[in-house]
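Note sheet for the following structure.
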Amino acid sequence: MITALAQSRIDGRLLDEDDIVLNCYSLIIGGDETSRLSMIGSLAAFIEHPEQWRRLRHGEVTVAAAAEEVLRWTSPAMHFGRTVLAELDWAGHRFRAGDIVTVWISSANRDERQFDDPDVFDLGRTPNRHLTFGFGPHFCLGAHLGRVEIAALLDALRRHVGEIRPDGEPQRLYSNVLAGYSRLPVVLAGGA
């Protein structure tokens, strides 16, 4: 991926070193933090919502649909900053070119105008047009890999674990950028 970035051209010119480094940073955040925090968050969600764990375990929902709901529910990257490129009026506000705005992913993924019962963890949710990986030109390069990783974990849990239970006090991550757990002791018991 780094080679592809180093050799990529936009409007005929190679990316500069800052662009390459920032894209690598985004890949690390997306490929490590988002996937890891979503996977850990799925265990917490299954403990809090045992009926959803039962649905996954018994094949009542697909692993792919479950992965999408885990991504929406956990929303590990809480927000992103963006620079307004052109003046516009939106939702009663005037934005000027150069203004910095914050896109709140965690809020968008709980928007009652987009999701029925947004505060319900529902592995069978469809459609599930969450914004965990961004949208448009800011769509995460590692989205496919993240989905594959989370689906692999959910499938392995479904096939090999019968019960998920807490085994100590969880600790939330101390961050104003990322949401999730820095510590979530659990017992994975029984299986097939």
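Below, all heavy atoms of this structure are taken into account, side chains as well, without hydrogens, waters or symmetry copies.
- Residues Arg36 and Met39 are not in side-chain contact: their nearest non-hydrogen atoms beyond the backbone lie 4.5 Å or more apart.
- Hydrophobic clustering of Ile, Leu, Val, Met, Phe, Trp and Tyr side chains at less than 4.5 Å, counting indirect connections, keeps Leu131 apart from Met78.
- Counting heavy atoms from C-beta outward, Ser42 and Thr74 have side chains that stay 4.5 Å or more apart.
- Both Tyr181 and Leu43 belong to a common hydrophobic cluster when Ile, Leu, Val, Met, Phe, Trp and Tyr are linked at side-chain heavy-atom distances under 4.5 angstrom.
- When all heavy atoms are compared, the tightest approach of Val70 to Ser38 is CG1-O, 3.4 Å.
- Between Leu14 and Ser8, the closest side-chain pair of non-hydrogen atoms is not below 4.5 Å.
- For the residue pair Asn109 and Leu71, the shortest heavy atom distance occurs at ND2-O, 4.3 Å.
- Looking at Asn23, its side chain does come within 3.5 Å of a backbone N or O of Asp19 through a donor-acceptor pair.
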Checking side chain to side chain contact (heavy atoms under 4.5 Å, CB included) for the pair Phe133/Thr34: CA distance, chi angles, key distance, verdict?
CA-CA 9 Å; Phe133 291 119; Thr34 301; 4.3 Å; yes
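- Taking both residues in full, the closest heavy atoms of Leu188 and Ile164 are given as CD2-CG1, 3.8 Å, listed atom of the first, atom of the second, then distance.
- Residue pairs satisfying the salt bridge (Lys or Arg N to Asp or Glu O under 4.0 Å) criterion with at least one member in residues 113-123, sequence neighbours excluded, are listed as follows: Arg55-Asp122, Arg110-Asp119, Asp111-Arg113.
- Annotation for His144: atom NE2 does not count as buried by contact number, only 12 or fewer foreign heavy atoms lying within 6.0 Å.
- Put simply, the side chain of Arg183 gets close to the backbone of Glu169: a donor and an acceptor are under 3.5 Å apart.
- Remark: Trp73 engages His49, Phe121 in a ring-ring contact (aromatic ring centres under 6.0 Å, His included) (not counting sequence neighbours).
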Test Ile100 against Thr83 for side chain to side chain contact (heavy atoms under 4.5 Å, CB included), laying out the working first.
CA-CA 5 Å; Ile100 304 296; Thr83 303; 3.4 Å; yes
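- Under the 4.5 Å side-chain heavy-atom criterion for grouping Ile, Leu, Val, Met, Phe, Trp and Tyr, Val101 is connected to Trp90 within one hydrophobic cluster.
- Within 6.0 Å of the CD1 atom in Ile10, the count of heavy atoms belonging to other residues, nucleotides or ligands does not exceed 12.
- With hydrogens and angles disregarded, a donor-acceptor distance shorter than 3.5 Å links the side chain of His79 to the backbone of Asn176.
- Within the 3.5 Å criterion, the main-chain N or O of Arg96 finds a donor-acceptor partner in the side chain of Asp99.
- Annotation for Leu157 and Trp53: closest pair O-CH2, 3.4 Å, computed over non-hydrogen atoms.
- Environment of CD in Glu112: crowded, with over 12 heavy atoms of neighbouring residues, nucleotides or ligands closer than 6.0 Å.
- Contact check for Ile40 versus Leu184: side-chain heavy atoms found under the 4.5 Å cut-off.
- Here the shortest heavy-atom pairing between Ala67 and Ile150 reads CB-CG2, 3.9 Å.
- Side-chain heavy atoms closer than 4.5 Å link hydrophobic residues (I, L, V, M, F, W, Y) into clusters, and following such links, possibly through other members, connects Leu123 to Leu153.
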Test side chain to side chain contact (heavy atoms under 4.5 Å, CB included) applied to Phe80 and Thr102, step by step
CA-CA 6 Å; Phe80 290 103; Thr102 302; over 6 Å; no
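- Of the possible donor and acceptor atoms, none in the side chain of Arg125 sits under 3.5 Å from a partner among the backbone N and O of Glu69.
- In terms of heavy-atom proximity, Ala179 sits nearest to Ser75 at CB-O, 3.9 Å.
- Classification of Glu60 and Arg54 as a salt-bridged pair holds, one side-chain N sitting under 4.0 Å from a carboxylate O.
- Under the 4.0 Å criterion applied to side-chain N and carboxylate O atoms, Glu68 and Arg147 are assigned as salt-bridge partners.
- Cluster membership check: Val148 does not share its hydrophobic cluster with Leu154, using side-chain heavy-atom separations under 4.5 Å among Ile, Leu, Val, Met, Phe, Trp and Tyr.
- Judged purely by atom type and a 3.5 angstrom limit, Arg72 has no side-chain atom pairing as donor or acceptor with the backbone of Arg129.
- Annotation for Ile2: atom CD1 does not count as buried by contact number, only 12 or fewer foreign heavy atoms lying within 6.0 Å.
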